[in-house]
4 protein chains.
Amino acid sequence: MATAPRRVGAESSATRALILSAAETVMREEGYAATSTRRVAKQAGLKPSLVHYYFPTTDDLLLAVFRKGAEESDAWLDEALASPDPLRALWKLLTDTSRTELALETMALANHRKAIRAEIAAHSERMRARQVEAFTRVLGGKLAGPEACPPAALSLILAGIGRALIMEGAFGVESGHAEAKGYVERMIERMMAPAKG
Amino acid sequence: MATAPRRVGAESSATRALILSAAETVMREEGYAATSTRRVAKQAGLKPSLVHYYFPTTDDLLLAVFRKGAEESDAWLDEALASPDPLRALWKLLTDTSRTELALETMALANHRKAIRAEIAAHSERMRARQVEAFTRVLGGKLAGPEACPPAALSLILAGIGRALIMEGAFGVESGHAEAKGYVERMIERMMAPAKG
Amino acid sequence: MATAPRRVGAESSATRALILSAAETVMREEGYAATSTRRVAKQAGLKPSLVHYYFPTTDDLLLAVFRKGAEESDAWLDEALASPDPLRALWKLLTDTSRTELALETMALANHRKAIRAEIAAHSERMRARQVEAFTRVLGGKLAGPEACPPAALSLILAGIGRALIMEGAFGVESGHAEAKGYVERMIERMMAPAKG
Amino acid sequence: MATAPRRVGAESSATRALILSAAETVMREEGYAATSTRRVAKQAGLKPSLVHYYFPTTDDLLLAVFRKGAEESDAWLDEALASPDPLRALWKLLTDTSRTELALETMALANHRKAIRAEIAAHSERMRARQVEAFTRVLGGKLAGPEACPPAALSLILAGIGRALIMEGAFGVESGHAEAKGYVERMIERMMAPAKG
DNA sequence: AATGAATGAGATTTCATTCAT
DNA sequence: CATGAATGAAATCTCATTCAT
């Protein structure tokens, strides 16, 4: 949906890329709420007006940061799902601190910036759909039975547990973390085990 | 000659309670980053200076909001864990939108307010410990076996999945939600089922 | 002249003394401009309203601080001028860091608080007059001749040089200090030397 | 891509000069403690935000005021020391009310603004050194003998007495002033007199 | 004799945004 | 492309002072 055609700086500009990367850094280190044009400019070593030249409004900037992160996420997800052991690869991704930190700030962003919310939601849905498709392919018939976990549930569950680990870890809570990781790993193991009998 | 109690605004003041409740509302509706004295004062229908009279610094205010929420959380958790079916009661709590929304903002708060982080972390650890103790009591011997979920892991997992449901729901993502809820409920059912023969 | 009869707390109250002494500390350490009721209250461990109870306005407080300091100054000056070697005793007083620091803040005060200015000026004149009288008594006939220093000039000169030493010392300038002290001491020596044949 | 000059507001801007001159006026008339952005903006007839545009922090503003004053002082000092009668010219400078008033506020500033202190101290030392050099050149061999005043002492003494005259004059104390001025003038006369015999 | 509550003003700073060049 | 200038709004905090109890 976006804020439309008022984007100025060419997509390909090096300055634009510099600004985006500075914005991502600020967002990761100080949170989306601190991601102002001023701070981003300072981080990039540029003047605030230049940031506004490339991203007329703050929403334009935040949206661009989200899109860049989303593209990278897509690539990582593709790679993970295409690997021989997609569940384990995905789980590794979901517990990667630096990636998930950004994802968490993105969620906070979605919660408080109406203009960006829809796009973030759409992207989340797409990622879930792709996981569901991959899980179905990989897990095949093992999805029946009383203990079976539907692929969409699996997607949400892994994401939720991953985020909980990162979020709590960020402020020093560690109890239960080792146990939870172990549990997920055993769960994946059982799922990937050759059907018995 | 008096020895100067440092804290202003008696714990019992009605104005203080009004401010706290306004702050909680703002925090829930607009996020911790919007919880400024001005904004809270407007919500409460008071002058900004009066907010500063009761809570000299913003951290004081945020900390008080957290403490109030924590006390309520403790009470709800106590009640849930004391119920005949603690797992289901806890799960209901964790998927209660309004409560968990506040918990999510609290986590964002912890991420960006050093002064409050330690207290939030300590509270999280305490809540986890209480759940672990209750789970151990309830689940008894069923915690062995390859599929068993250690109580600390269970605590983290339920919290993580609950938060994922609320967070995504908040911005309109619903796919996988029904399945995940179903899965958790079946999981709880298996756990609470009488040990088989 | 003063701000008249609205002083409340009895002159003799211990709380009043506590406030005054706290105010003096703040004034010495942070300057007259920082000497607010709030800061003084904090320094004294009292509530701001209590400070206002004893000193309705900030000028009342500052005036009282000045008066207390002036009384002490008077006492010290009396003692110095009554000593067998009044010039040297006075010079020692004028180069006493802690006393002169307060005197300097008092001058800043006089410069910017109309209500207090007149009283400070009057006190300065009184102190000068007492010094002139003492110098005349001590120096007797030595005040004639081309090199002679009139007593009033001597009073101003010693005060000025003393303040310069303290002021500069406060922010780390020391060059010329030893020489200036030496010069003043020799000057005093010459003055106190028995008239030559 | 630009490398972002940090300083805003070109050194040459007319607005910047206007602000600086307004700040100097406020500082002279109401003291350094009153030199706030608001106050200065009002004096200059500008919006407070514009003052912040040129001087991001209050220290930046105060530092710039000091530097401008210091440059002017340097020029005046140069001129005085280069004159045929450097001692008298310097003494005239030191008793010039408007210049010394600003110097006095600058000292108060140094006392209470850590960030600026070092620069003020360094400048004071430099001015003293230049005076010492000039005095030595002018006074030549007359610096020996029991009554001789070392040049560094002379610098401090003249400054101290000059400041005392201005400071006291500012709040209405005049006694001893004529005598002190006379004494200093005679002192200078003796020093500049051709060596006898 | 003391204190809690309340308030308007102002200080310091950050911010997004607009505009002219 | 890029930047300097300008501005109104708001955030955070400190302040002196008044008033009722």
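Order of the sequence lines sets the chain letters (A, B, ...), proteins ahead of strands, with each chain counted from 1.
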| note | Whole-Å distance, Leu18(C) CG to dA2(E) C1', equals 14 Å
| query | Is any side-chain nitrogen or oxygen of Arg38(B) closer than 4.0 Å to OP1 or OP2 of dA9(F)? | reply | no
| request: Check the distance between dT7(F)'s C1' and Leu50(D)'s CG and give it to me in whole angstrom. | output: 8 Å
| query | Is the shortest side-chain N/O distance from Thr37(A) to OP1 or OP2 of dA16(E) below 4.0 Å? | reply | yes
| Assigned partner base of dT21(E), Watson-Crick or wobble definition, under 3.5 Å | dA2(F)
| task | Could you check whether Ser36(B) gets within reach of a base, just the sugar-phosphate, or nothing at all, counting any heavy atom under 4.0 Å? | result | sugar-phosphate
| query | With respect to the phosphate group of dG8(F), does any side-chain polar atom (N or O) of Lys47(D) fall under 4.0 Å of OP1 or OP2? | reply | yes
| Would you say the side-chain atoms of Arg39(B) pair up with the backbone N or O of Ala34(B), donor to acceptor, closer than 3.5 Å? | no
| query | dA1(E) C1' sits how many Å from Phe55(C) CZ, rounded? | reply | 14 Å
| remark: Contacts of Ser49(C) and Ala34(A) projected onto DNA chain E by closest heavy atom; the upstream (5') one is Ser49(C)
| said: For dC15(F) and Thr58(C) - does any side-chain N or O of the residue sit under 4.0 Å from the phosphate oxygens OP1/OP2? | reply: no
| field | Distance in angstrom units between Ile19(C) CD1 and dA16(F) P, rounded | value | 14 Å
| query | Is the closest side-chain donor-acceptor distance between Glu29(D) and His112(C) under 3.5 Å? | reply | no
| note | Arg39(D) atom CZ is separated from dA9(E) atom C1', nearest whole Å, by 15 Å
| task | Could you tell me the separation between the CG atom of Asp60(D) and the C1' atom of dT14(E), rounded to a whole number of Å? | result | 14 Å
| field | Identified pairing partner of dT7(E), criterion: Watson-Crick or G-U wobble below 3.5 Å | value | dA16(F)
| field | Polar side-chain atom of Thr106(A) near backbone of Leu102(A) as donor-acceptor pair, under 3.5 Å | value | yes
| field | Opposite nucleotide pairing with dA1(E), Watson-Crick or G-U, both atom distances under 3.5 Å | value | none
| Rounded to the nearest Å, what distance is computed from the NE2 atom of residue His52(A) to the C1' atom of nucleotide dT3(F)? | 13 Å
| request: To the nearest Å, give me how far apart OH (Tyr32(D)) and P (dA11(E)) are. | output: 14 Å
| said: Is there a side-chain contact between Tyr54(C) and the phosphate of dA2(E), meaning an N or O under 4.0 Å from OP1 or OP2? | reply: yes
| query | His123(D) vs Phe66(D) aromatic rings, parallel, tilted or perpendicular, using cut-offs 30° and 60°? | reply | perpendicular
| request: Classify the side chain of Tyr53(D) and the base of dA5(F) as holding, or not holding, a donor-acceptor pair under 3.5 Å. | output: yes
| query | Under a 4.0 Å N-O cut-off, is there an ion pair linking Arg28(B) with Glu24(B)? | reply | yes
